[in-house]
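Computed from heavy atoms alone, side chains included, the values below leave out hydrogens, waters and symmetry copies. In what follows, residues are counted from 1 in the order of the sequence shown.
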Amino acid sequence: MDQANVLVIATDLAGRVVVWNRAMVRLTGFPRETVEGRELLPWLSEAGMPELAQAMRQVAAGQDLSNCEARLPSVSGTVARASFNVATVRAEGGRASAVLAVGQDVTALRVLQNQVIHAEKLATVGQIAAGVAHEINNPLTSIQACVEASYTKPAWPPKDWSEQIDPVDLERLKRVQDGVERIRRFTHDLVGYARPSRVEIERLDFNEVVEHALSFCEHIFAEAKATLDRDLAPNLPPVRAVRDQLMQVVTNLVTNAAQALGQKGGAIRVRTFHEGEAAVGLAVTDTGGGIRDEHRASIFDPFFTTKPAGSGTGLGLSVVRNIVYAHGGQITFQSKLGSGTTFVVTMPVSHPKSHSVEGEKSTP
């Protein structure tokens, strides 16, 4: 069993590990000396991954259960997935003496399946995006033209009293204009999510882009009753990125952080940092209510939102993830219910040109 090229775990009927073969050591990094003799259920439950231990306990109790897929912790902190067959080991006379689980690593397979599922989502969005944008943008163009013509018409001095625009009407026109712009942003995000535009990349000062994006968000902080804490690391190396897209990443993360604060307000911290020698990072932290466990797996899915109707499109984080991935970066998050959330973006200092980029523009 130790030399077998499959994952092998065996426990006694009390749930203590008696076999932890070399394949398990390679997959998880935990040496057998620290695992054998240990109670499997408390250990895996503490790591938040009790599936295998529960299945083996059920088999030990005589329940009919043969197959299970389980998550396994590793020394590095990553999570592996494995598919196991679980059976009872019987001693002489047919008496149950141990429980044996034999499995294989399916981590890469599940990642590939998730990528296929995500690609299917993208294909569906791509089919509807162009039609939705076309149907919305045509009437919006007429509405916006009429509003701008009325809004810019001088109220004083009028050539004729009939030409004077009441201040209340001006405010109403401003609200219409804001609504039109909000719909335009939605259609822009939708099209950009399904079919990214061909744009130029530049050599950018990471901190300068972050500062520029934050300047656009001042009204968001005011509305959310949020205090902003900037902590920008000096002397960050430049990154190669699409300026508008990188600004969109910062703006979306900061907007989400402000909205997470709710009615009571709170604090938002925006931090930049070095990530080794090859990357720089951005961390956006809020003091909101955190992300529920049942929402974690869907947080980057398109159109997924926990905000009230009319308060969000559900595209923000999915668009952010696509932009970060397109630039060769990574995005992760940490959250504790009741204690806020931190989104962390890392961007390479240099990376190959994307196939969607027509050229590169260098700026000092």
Side-chain angles (χ1 to χ4, degrees), residues 136 140 143-144 147-148 151-152 167-190 192-193 207-232 243-272 282-292 295 299-300 302-321 323-324 331 333-345:
I136 292 177
L140 280 182
I143 293 171
Q144 192 165 40
V147 169
E148 288 178 355
Y151 191 75
T152 57
V168 175
D169 291 334
L170 282 174
E171 178 62 27
R172 290 169 179 165
L173 287 172
K174 181 63 168 62
R175 291 180 183 177
V176 172
Q177 196 174 39
D178 290 344
V180 169
E181 182 57 31
R182 179 179 175 185
I183 298 173
R184 279 194 179 281
R185 286 197 303 268
F186 171 78
T187 57
H188 180 269
D189 284 350
L190 185 62
Y193 177 79
N207 281 343
E208 186 272 331
V209 173
V210 172
E211 287 278 20
H212 195 189
L214 291 177
S215 70
F216 287 146
C217 299
E218 291 179 358
H219 68 288
I220 295 173
F221 298 132
E223 292 175 1
K225 302 175 186 176
T227 58
L228 175 63
D229 175 21
R230 287 181 177 87
D231 183 10
L232 307 185
R243 175 181 288 273
D244 288 347
Q245 292 183 2
L246 192 54
M247 285 188 60
Q248 185 178 4
V249 168
V250 180
T251 303
N252 282 11
L253 291 179
V254 169
T255 301
N256 276 2
Q259 292 172 341
L261 298 179
Q263 300 274 333
K264 63 181 181 179
I268 296 172
R269 186 185 186 208
V270 177
R271 181 173 65 93
T272 59
L282 167 72
V284 179
T285 303
D286 65 70
T287 56
I291 299 172
R292 295 183 179 276
H295 295 155
I299 204 69
F300 292 111
F303 304 109
F304 174 81
T305 181
T306 59
K307 298 170 187 173
S311 299
T313 64
L315 282 173
L317 286 176
S318 61
V319 169
V320 166
R321 181 183 63 175
I323 292 173
V324 171
I331 180 169
F333 69 91
Q334 300 91 39
S335 184
K336 185 176 181 181
L337 200 60
S339 300
T341 302
T342 298
F343 280 90
V344 179
V345 172

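- By the side-chain contact (heavy atoms from CB on, under 4.5 Å) test, Leu232 is found to be paired with Asn207, Val210, Glu211, Thr272, residues two or more places apart in sequence or in another chain being considered.
- Ring geometry for Phe300 against Phe343 counts as perpendicular: the plane angle is over 60°, on a 0 to 90° scale with 30° as the lower cut.
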Practice prompt. Check the pair Leu253 / Val270 against side-chain contact (heavy atoms from CB on, under 4.5 Å), numbers first and verdict last.
Written response: CA-CA 10 Å; Leu253 291 179; Val270 177; over 6 Å; no

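- Taking OG of Ser318 as the reference point, atom CG of Asn252 lies at 9.0 Å (rounded to 0.5 Å).
- Legend: residues meeting side-chain hydrogen bond (donor to acceptor under 3.5 Å, both in side chains) with Asp231, ordered by chain and number and at least two apart, are Arg269.
- Closest of all the heavy-atom pairs between Ser335 and Gly290 is OG-CA, 3.3 Å.
- With sequence neighbours left out, the side-chain hydrogen bond (donor to acceptor under 3.5 Å, both in side chains) criterion links Gln334 to no other residue.
- Applying the side chain to side chain contact (heavy atoms under 4.5 Å, CB included) test between Arg321 and each of Val249, Ile331, Ile299 identifies Ile331 as the sole match.
- Take Glu223 and apply the side-chain contact (heavy atoms from CB on, under 4.5 Å) test, not counting sequence neighbours, and it matches His219.
- Proximity of a side-chain donor or acceptor of Thr287 to a complementary backbone N or O of Gly266 within less than 3.5 Å is not detected.
- Interatomic distance, Thr285 OG1 to Arg271 CZ, rounded to the nearest 0.5 Å: 7.0 Å.
- Contact record, Leu228 with Leu214: CD2-CD1, 4.3 Å, taken as the closest heavy-atom pair.
- Scanning for side-chain contact (heavy atoms from CB on, under 4.5 Å) contacts around Ala224 gives Ala226, Ala258, with sequence neighbours left out.
- Evaluation of the side-chain contact (heavy atoms from CB on, under 4.5 Å) rule for Ala213 yields Met247, Val250, Thr251 as partners, not counting sequence neighbours.
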